[in-house]
Q: 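Encoded as structure tokens, here's the structure I'll be asking about.
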Amino acid sequence: MGRKVIVVVGATCSGKTALGLKLAELLNTEIISADSRQIYKYLNIGTAKPNTDELDKIKHHFIDYLEPEEEYNVSRYEKEALKILDNLNVSNKIPIIVGGSGLYIRAVVDGIFDNVETDEVLRARLKNTIDTYGVGQLLEQLKLVDPESAAKMLPQNWKRIIRALEVFYLTGKTITEWQKEYKRNIDLEFEIYGLSWNRDVLYKMIENRVDDMINMGLVEEVKKLLKKGYSKDLNSLNTVGYKEIFEYLDNVISLEKAVELIKRNTRHYAKRQLTWFNADKRIKWVNVNGINDIFRLAEKIIMNYEL
RNA sequence: GGGCAGAUAGCUCAGUCGGUAGAGCAAAGGACUGAAAAUCCUUGUGUCGGCGGUUCGAUUCCGUCUCUGCCCA
């Protein structure tokens, strides 16, 4: 029987942070964030990052971990997260993973095939093919070598197509085959808890939180990022709450419209998260309807662990 | 008080030369293996404002009423 790891998932705004903090406090342990945006420095208000008090009180990993211009990927996340899980095990602490980035969670829980590194030269060449002949050319190539993954690819996802071809050209084996073969051997047992809210209530909370973000100075935060010289084309800034404010600052839309769009896009995001997590049958869903439910849940969860 | 224009899906509107209707947005469902807060796919039945009339048949034409907006008094 492996070492236990507690995982907290759920839609944005569902109280994951609160539950994680409570659990970490009760179990005297640390939090491993699985959030592809809170991982970046200077994205605070718009990502609903834990505040400085909370970060001082409980040690958080992968918060303020990257500069906004840094490229990152799930495979790196998996490796680095596993290292932290090891360290915590050594010091006899039960790790708590908290986050809404489904792919990151999956990478840690199930692993992600990592036999094929990236090859920037090859990528550049493939990108060149796209620029000259269009993405259809690459999709045709992929159809020939790996029809199974080609069938799932859409032309708009050219980065995914490049990745699939990259894997094939570097190894002579398709990404589909690699995925099927992939098996990871780690001695960890993940307990995944999902926070479930009535959809209408969740949406209402999302809307309130967006209003709060504006009151807390989201527009100023975005202006500061621009002043620091960060481009809005950065992946880190292709984020709900930031891209809409860029539009407002460029006078494309009004602030009112930007707020409305942030609310809608956050709802859409929450829905995508739920679709993702609902597919994972290992998740233990807990209905909650307020912060007290979350504290009660924390108490209940820790009863399963000897202190 | 008079005139004009509206009233159709949760919202904004289109349309039916009379055979009970369709777009965008919202919403819902889904996919996802090195961008993942990303990137995509699928889904449109609603007393066509109420009541009468004409008609085989009215959401569509006519009358009337109600409501909304604008204009004139």
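Just so it is clear: chains get the letters A, B, ... in the order the sequence lines come, proteins before strands, and each one is counted from 1. Just so it is clear, the values below take in all heavy atoms, side chains as well, and ignore hydrogens, waters and symmetry mates.
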Q: Nearest 0.5 Å please: distance from the OH atom of A:Y182 over to the CD1 atom of A:I112.
A: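 Taking OH in A:Y182 and CD1 in A:I112, the distance rounds to 8.0 Å.
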Q: May I ask you to evaluate whether A:R76 reaches the phosphate of B:G34, defined as a side-chain N or O under 4.0 Å from OP1 or OP2?
A: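 No, outside the criterion.
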Q: Got a sec, which residues hit salt bridge (charged side-chain N to carboxylate O under 4.0 Å, His left out) with A:R272, two or more places apart in sequence or on another chain?
A: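 Testing A:R272 for salt bridge (charged side-chain N to carboxylate O under 4.0 Å, His left out), a comparison that skips the adjacent residues, returns none.
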Q: So how far is it from A:K300 NZ to A:D293 CG, rounded to the nearest 0.5 Å?
A: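 Separation between the atoms: 10.5 Å.
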Q: For residues A:Y77 and A:F62, establish whether the separation of their ring centroids is below 6.0 Å.
A: yes
Q: Could you work out which one of B:A36, B:U33, B:G34 sits closest to the side chain of A:N235?
A: B:A36
Q: Any side-chain N or O of A:T275 below 4.0 angstrom from OP1/OP2 of B:G30?
A: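 So the side chain of A:T275 is within the cut-off, an N or O lying under 4.0 Å from OP1 or OP2 of B:G30.
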Q: Would you indicate what A:W178 reaches in the nucleic acid, counting non-hydrogen atoms under 4.0 angstrom: base, sugar-phosphate, or nothing?
A: nothing
Q: Taking only side-chain N and O atoms of A:K271, does any of them lie within less than 4.0 angstrom of OP1 or OP2 on B:A27?
A: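 For B:A27, neither OP1 nor OP2 has a side-chain N or O of A:K271 closer than 4.0 Å.
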Q: Assign A:K243 to base, sugar-phosphate, or nothing according to its heavy-atom contacts below 4.0 angstrom with the strands shown.
A: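 Sugar-phosphate, no base atom in range.
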Q: Starting from the 5' end of RNA chain B, give me the residue, A:V116 or A:Y269, whose nearest nucleotide shows up first.
A: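 It is A:V116 whose nearest nucleotide is closer to the 5' end.
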Q: Any idea which of B:A36, B:A38, B:G34 is nearest the A:V240 side chain?
A: B:A38
